[in-house]
Enquirer: 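Provided herewith is a single structure, encoded as structure tokens, for subsequent inquiry.
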Amino acid sequence: MILSRNSILFSSIFLATSDAFSIPSAALVRVQRSTSSVTKPCLPSTAISSSSEVSTEGLVLQDTFDNDRASLLNMAFDALNDDDKYDAVLSGICSKILDGKVETDANQIGKEATMSPSQLALEKMKDPIRLMAEMNQRGVKASSRSLMALIDAAGSTQDAKTMATVLSLALQNGALSFYGSRQADITQLPSSPDSFVPQTSMTRAERLEKLADVPKDERGKEVTAALATMSVVGVCLVLQGVGNGLGLDDLTPYTSLVLYGILGVGIVDNFFDAIQTFMSFVVKMNAEKLPDAVKNVKGPEKGSLPLGLGSGAITGTVVKGLGRLGSVDTERECQCEAAAFYAAYSLGLPCFGFRPNALEAAILTFESNKNEEDSDKALNSLLSDTGVMKMLIWLMAPVAFESSLHPQLISSDPREAKGFLQRLQEKAAAFGAEDAVNDILRVDEGTMKSEQEMEDLLKWAYAEADLLLRENKSTVKDLSELLIGGASTLGDCAALLEEDW
């Protein structure tokens with residue numbers, strides 16, 4: 001029998017999924033016979049059996065039932081083809097991992113403290129990985145159900161390298177078609193400003209001039225302004241309300257002055273042009289009655305006012321900060337997560353299950369550079385121009401998608417992409433990757449040159465992420481609606497993109 005060494009596991013799986021398989025007629029006959037033997041007629045009332053006889057008979061009946069059940073399961077399993085057997089076993093192993101019921105190998109007890117997170121994750125996933133390798137060797141294709149369970153189990157390890165190993169085996173199995181399929185659609189940043197963009201007549205510098213700037217994020221400034229305004233207004237209102245009772249009535253005129261001042265700033269900031277137009281109209285209508293000194297007075301220019309007063313910037317900052325403090329938009333969060341998932345999955349990045357952040361991106365990039373140390377070599381090095389661009393597109397995908405739908409960034413953060421490049425530059429020496437990072441960020445050409453290269457990379461990646469998501473907006477929308485439901489898993493999201501499942 002194939003996979004006979006897992007007979008115990010097979011039995012447990014078929015106990016849980018017995019209704020999914022048809023039982024041979026011979027097995028039904030055995031069940032009927034065993035049932036008839038159990039329901040023996042009662043002894044006459046004059047014949048009273050001893051307790052030892054009853055106990056012995058119960059043990060015999062229990063043994064008969066256990067034997068029949070084991071035989072029934074074996075016959076049901078033998079009736080399945082190889083694809084169904086592997087599917088049931090793989091799904092069962094992954095379910096145990098998701099339920100946290102993985103048995104610890106006695107040889108590994110005490111060694112966890114010396115193992116890296118990736119090693120611990122691979123140890124947790126060793127049985128599904130070995131089974132997938134065996135399926136590939138025997139030419140057994142995994143079903144969509146088992147693949148979804150496999151991706152969910154790999155995602156539970158929260159380790160991108162383990163996910164890369166699992167997806168590499170799934171690719172060899174021929175079960176994945178969409179993962180990494182959009183890598184060829186990405187236009188790489190040319191090496192110099194005068195270099196031409198592939199398949200165009202524009203140079204790098206010319207295209208960068210036409211691209212939209214990366215949206216600015218000033219959430220720290222906005223939240224601080226909102227909190228400061230709320231605090232001042234709140235204190236003034238409290239003093240106005242209870243100040244007399246606390247003997248602080250002398251402060252009431254000052255609090256009133258502060259409140260009126262805040263109100264005045266808000267009016268001037270938002271209606272400066274209207275106020276100036278109205279004043280000009282009044283002066284013009286009463287020109288004959290006003291002295292020349294008043295008629296010739298010119299109001300202040302908007303640009304000359306302090307703190308950008310008159311442009312709406314001050315009140316806009318406060319309002320945006322209040323919006324950040326008071327809003328929890330689940331739909332917007334799911335849209336950003338869907339954009340990041342689509343970008344990473346379509347570009348072949350195993351971090352599609354993570355929320356985009358600079359730290360995870362930098363760690364994965366450096367770890368991928370140690371691919372030669374891995375036995376499976378499932379994760380290609382990302383410490384290259386192509387790899388860094390893919391990581392930047394993943395980090396910029398939520399920003400691009402949210403900015404295409406909303407005027408203000410709430411759920412996404414464009415600072416993550418720049419933070420990723422800064423971490424590469426700062427930690428290159430610690431990971432022994434100075435040469436590779438220098439080539440990517442042009443560090444050897446000076447600080448100004450390196451900073452300009454980083455800005456160009458960010459702007460280019462933002463444009464590529466925006467183009468990728470706009471071309472597949474309907475798919476990203478379907479993915480976001482799936483996430484909004486709240487019950488979807490990584491396997492469900494992957495199944496939506498893999499149309500063959």
Enquirer: Do you see a donor-acceptor pair shorter than 3.5 Å between the side chains of Asp492 and Thr489?
Expert: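 Judged by distance alone, the side chains do pair up.
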Enquirer: Do the side-chain N and O atoms of Gln335 and Ser480 include a donor-acceptor pair separated by under 3.5 angstrom?
Expert: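 No - no donor-acceptor pair under 3.5 Å links their side chains.
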Enquirer: Salt-bridged, Lys161 to Asp159, with N to O below 4.0 Å?
Expert: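 Salt bridge: no.
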Enquirer: Would you say the side-chain atoms of Ser450 and Glu445 include a donor-acceptor pair closer than 3.5 Å?
Expert: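 Their side chains do not contain a donor-acceptor pair, so the 3.5 Å distance test is not met.
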Enquirer: Please name all residues satisfying side chain to side chain donor-acceptor pair (under 3.5 Å) with Thr315, sequence neighbours left out, ordered by chain then number.
Expert: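 Result, side chain to side chain donor-acceptor pair (under 3.5 Å) vs Thr315: Asp269, Asn270.
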Enquirer: Side chains of Tyr86 and Ser143: do they bring a donor and an acceptor to under 3.5 Å?
Expert: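 No.
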Enquirer: Do the numbers put Arg204 on top of the ring of Trp460, so that NZ or CZ is under 6.0 Å from the six-membered ring centre and no more than 45° off the axis?
Expert: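 So Arg204 doesn't make the cation-pi contact.
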Enquirer: Return yes if a side-chain donor-acceptor contact under 3.5 Å exists between Ser368 and Thr365, otherwise no.
Expert: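 Not at all, the side chains of Ser368 and Thr365 share no donor-acceptor pair under 3.5 Å.
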Enquirer: Using residues 421-440 as the side-chain source, report each donor-acceptor pair under 3.5 Å to any protein atom, sequence neighbours left out, with the distance given to one decimal.
Expert:
| unit_1 | atom_1 | unit_2 | atom_2 | d |
| --- | --- | --- | --- | --- |
| Asn438 | ND2 | Glu434 | O | 3.2 |
| Asn438 | ND2 | Asp444 | OD1 | 3.4 |

Enquirer: So does Lys459 pair up with Glu455, basic N to acidic O under 4.0 Å?
Expert: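 No salt bridge links Lys459 with Glu455.
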Enquirer: Between Arg182 and Asp185, does any NZ, NE, NH1 or NH2 come within less than 4.0 Å of an OD or OE carboxylate oxygen?
Expert: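 The answer is yes: the pair qualifies as a salt bridge.
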Enquirer: Sorted by first residue and then second, give each ring-ring contact (aromatic ring centres under 6.0 Å, His included) pair with at least one member in residues 155-183; sequence neighbours left out.
Expert: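 Matches after skipping sequence neighbours: Phe178-Tyr342, Tyr179-Tyr345.
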Enquirer: Give a yes or no answer on whether the side chain of Ser346 reaches the backbone of Ala343 with a donor-acceptor pair at less than 3.5 Å.
Expert: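 Checked: pair present.
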Enquirer: Quick check on Met230: does its CE atom have over 12 non-hydrogen neighbours (other residues, nucleotides or ligands) under 6.0 Å away?
Expert: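 Open: at most 12 neighbouring heavy atoms sit under 6.0 Å from CE of Met230.
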